[in-house]
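Worksheet: the structure to be examined is printed underneath.
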Amino acid sequence: MTAVRTTTPATPPPRLPVRDKAAALDRGWGGVSPMLTRLAAERATGILVRERGTLHLADGKVVHAESPAAPGADVLLAAHGTLDADVWRQALAESVASTGGAGTGARRLTGAEAVHRAGRRLVAGGLITAGALELCRLTALYDAAYFALAPSSTPGRFRYGSEDGPEEPAVEPREPDDTPGSPRPVPVADLERETLRRRDLLHHIWPDALPDEVPLTREHRPAPPSLPARRQAVLARVDGIRTASEIARELGRPAFHTLVDVRRLVAAGVVAPRPPVSLTEPLPGPPGDGPPVEFVDPHVTLLKRLRDALEAL
């Protein structure tokens, strides 16, 4: 009779920790930009510069956001006749000039400060109500922040203090928070939570983000679906050249809202991203004519998102 030796199985290794995505979404912390989370925790003041936009922080809260992909508050105010564009430009110029010129010893205003002071001038002059200004400002802030916090290929950098160096006393005293037209800061947790919600909404409508960034073309269908007037206005500007951000600027609408309309149009089959130029077929015309062809790796966006997710661990 042969004896069979049995070995006690080794203890299985512990399972790797897995983040609770639902808890992270409810918390709104750290799921978008670890650097921004750290700056909020230390109540930093300055400007966070990222690949697709900038965030202005004061005491760890966001007071202003800018992105080339999103129209500013001035565009939104002037789009539907709420405020004349020339009036806004004049108020902005007067706000910048009120701090004095070079050699006066006054610190140059940051972009956020100039915009905020221009808004207060308009409210004080009765050209716009404080509520309308704040609503438009918050709309533009969340809109630009969505793009500024998008996955990027370069690390962000933060400049403490003002754009030109450490904070120094300005010519005008700082207005109290209850001054009409004064901006209300947005907590970073609220901003990140809203950014995640917007990402999920777009992914639910159409999971491919390519239509957000490239020129759009029409898809001709024998029986196109009935579209609401809002989406028809977007479709009327699809010409194979304009991008979603350019359409938003022409319509005077927030860029994110236009992305929602664009993805719904893509899901309906009436709009599609413009096909890239073929690298194998020669372009018409003499050799060397035409713009240079730039090859875009379709996996770059996925790799950027994976990198940002790993950094957030």
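Because only heavy atoms are used, hydrogens play no part in the values below, and waters and symmetry mates are left out as well, while side chains stay in.
- Partners of E250 under the salt bridge (charged side-chain N to carboxylate O under 4.0 Å, His left out) rule, at least two apart in sequence or in another chain, are R237, R242.
- Side chain of E219 to main chain of G269: no donor-acceptor pair is present (N/O by atom type, distance under 3.5 Å, no hydrogens or angles).
- Here the straight-line distance linking atom CG of L202 with atom CH2 of W206 works out to 13.5 Å at 0.5 Å rounding.
- There is no path of hydrophobic side-chain contacts, each under 4.5 Å, that joins L76 to L122.
- For D143 (side chain) and P254 (main-chain N/O), no donor-acceptor pair under 3.5 Å exists by modelled atom type.
- Note that the CG atom of L216 and the CZ atom of R274 stand 9.5 Å from one another [nearest 0.5 Å].
- A distance of 9.5 Å separates CD1 of I205 from CG of L259, quoted to the nearest 0.5 Å.
- When all heavy atoms of G240 and P215 are compared, the pair lying nearest together is O-CB, 3.5 Å.
- The CD1 atom of I241 sits 11.5 Å away from atom OG1 of T217, with the distance rounded to the nearest 0.5 Å.
- Side chains of R52 and P68 form no contact here, defined as non-hydrogen atoms less than 4.5 Å apart.
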In sequence, state the C-alpha distance, the side-chain angles, and the governing distance for L227 and L265, and then conclude on side-chain contact (heavy atoms from CB on, under 4.5 Å).
-> CA-CA 9 Å; L227 300 174; L265 291 171; 3.7 Å; yes
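- L138 and L196 fall within a single hydrophobic cluster, where Ile, Leu, Val, Met, Phe, Trp and Tyr are joined by side-chain heavy atoms under 4.5 Å apart, directly or via other members.
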List the steps, then state whether salt bridge (Lys or Arg N to Asp or Glu O under 4.0 Å) holds for R264 with D261.
-> CA-CA 5 Å; R264 292 191 186 278; D261 292 328; 5.5 Å; no
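- Looking only at side-chain heavy atoms (C-beta outward), L149 and L55 come within less than 4.5 Å of each other.
- Note on F147: it does not cluster hydrophobically with V214, by side-chain heavy-atom contacts below 4.5 Å among ILVMFWY residues.
- We find the CG-OG distance between L141 and S67 to be 11.5 Å, quoted to the nearest 0.5 Å.
- Of all heavy-atom pairs between P225 and A268, the closest is CG-CB, 4.2 Å.
- No side-chain heavy atom of H64 sits less than 4.5 Å from a side-chain heavy atom of R137.
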Begin with the C-alpha distance, continue with both residues' side-chain angles, and end with the deciding distance and a verdict on side-chain contact (heavy atoms from CB on, under 4.5 Å) for F256 and L201.
-> CA-CA 11 Å; F256 173 78; L201 173 61; 4.1 Å; yes
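- Looking only at distances, no side-chain donor or acceptor of T258 sits under 3.5 Å from a matching main-chain atom of A244.
- R43 contributes no side-chain N or O that, together with a main-chain N or O of K61, makes up a donor-acceptor pair within less than 3.5 Å.
- To the nearest 0.5 Å, atoms CG (L48) and OH (Y160) are separated by 10.0 Å.
- With Y146 as the partner, the side chain to side chain contact (heavy atoms under 4.5 Å, CB included) test is satisfied by one option alone out of R199, R197, E194: R199.
- Side-chain atoms of E94 never come within 3.5 Å of backbone atoms of A118 as a donor-acceptor pair (strictly under, hydrogens ignored).
- Applying the side chain to side chain contact (heavy atoms under 4.5 Å, CB included) criterion to V49, with sequence neighbours excluded, gives I47, T54, R157, R159.
- Clustering ILVMFWY residues whenever any of their side-chain heavy atoms sit less than 4.5 angstrom apart, transitively, puts V63 in a cluster other than the one holding V188.
- Under a 3.5 Å cut-off, the side chain of E246 and the backbone N or O of T243 do form a donor-acceptor pair.
- When every heavy atom of A69 is checked against every heavy atom of A255, the shortest pair comes out as O-CB, 3.3 Å.
- Residues passing the salt bridge (charged side-chain N to carboxylate O under 4.0 Å, His left out) test with D212 are R263, sequence neighbours excluded.
- When each of V260, V262, V271 is paired with V234, the side chain to side chain contact (heavy atoms under 4.5 Å, CB included) condition holds for V262 and for no other.
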Pair L39-L57, side-chain contact (heavy atoms from CB on, under 4.5 Å): steps then yes or no | CA-CA 9 Å; L39 294 171; L57 277 69; 3.9 Å; yes
Carefully, step by step, assess S153 and E51 under the rule side-chain hydrogen bond (donor to acceptor under 3.5 Å, both in side chains).
-> CA-CA 7 Å; S153 59; E51 184 178 26; 2.8 Å; yes
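- Put simply, the side chain of T45 never gets that close to the backbone of A58: no donor and acceptor are under 3.5 Å apart.
- Remark: side-chain polar atoms of H56 are not paired, donor with acceptor, to backbone N or O of E66 under 3.5 angstrom.
- Between P155 and R50, the closest side-chain pair of non-hydrogen atoms is not below 4.5 Å.
- D86 and R89 are joined by a salt bridge, as a carboxylate oxygen and a charged side-chain nitrogen come within less than 4.0 angstrom of each other.
- Placement of I128 and L135 in two distinct hydrophobic clusters is found when ILVMFWY residues are connected by side-chain heavy-atom separations under 4.5 Å, directly or transitively.
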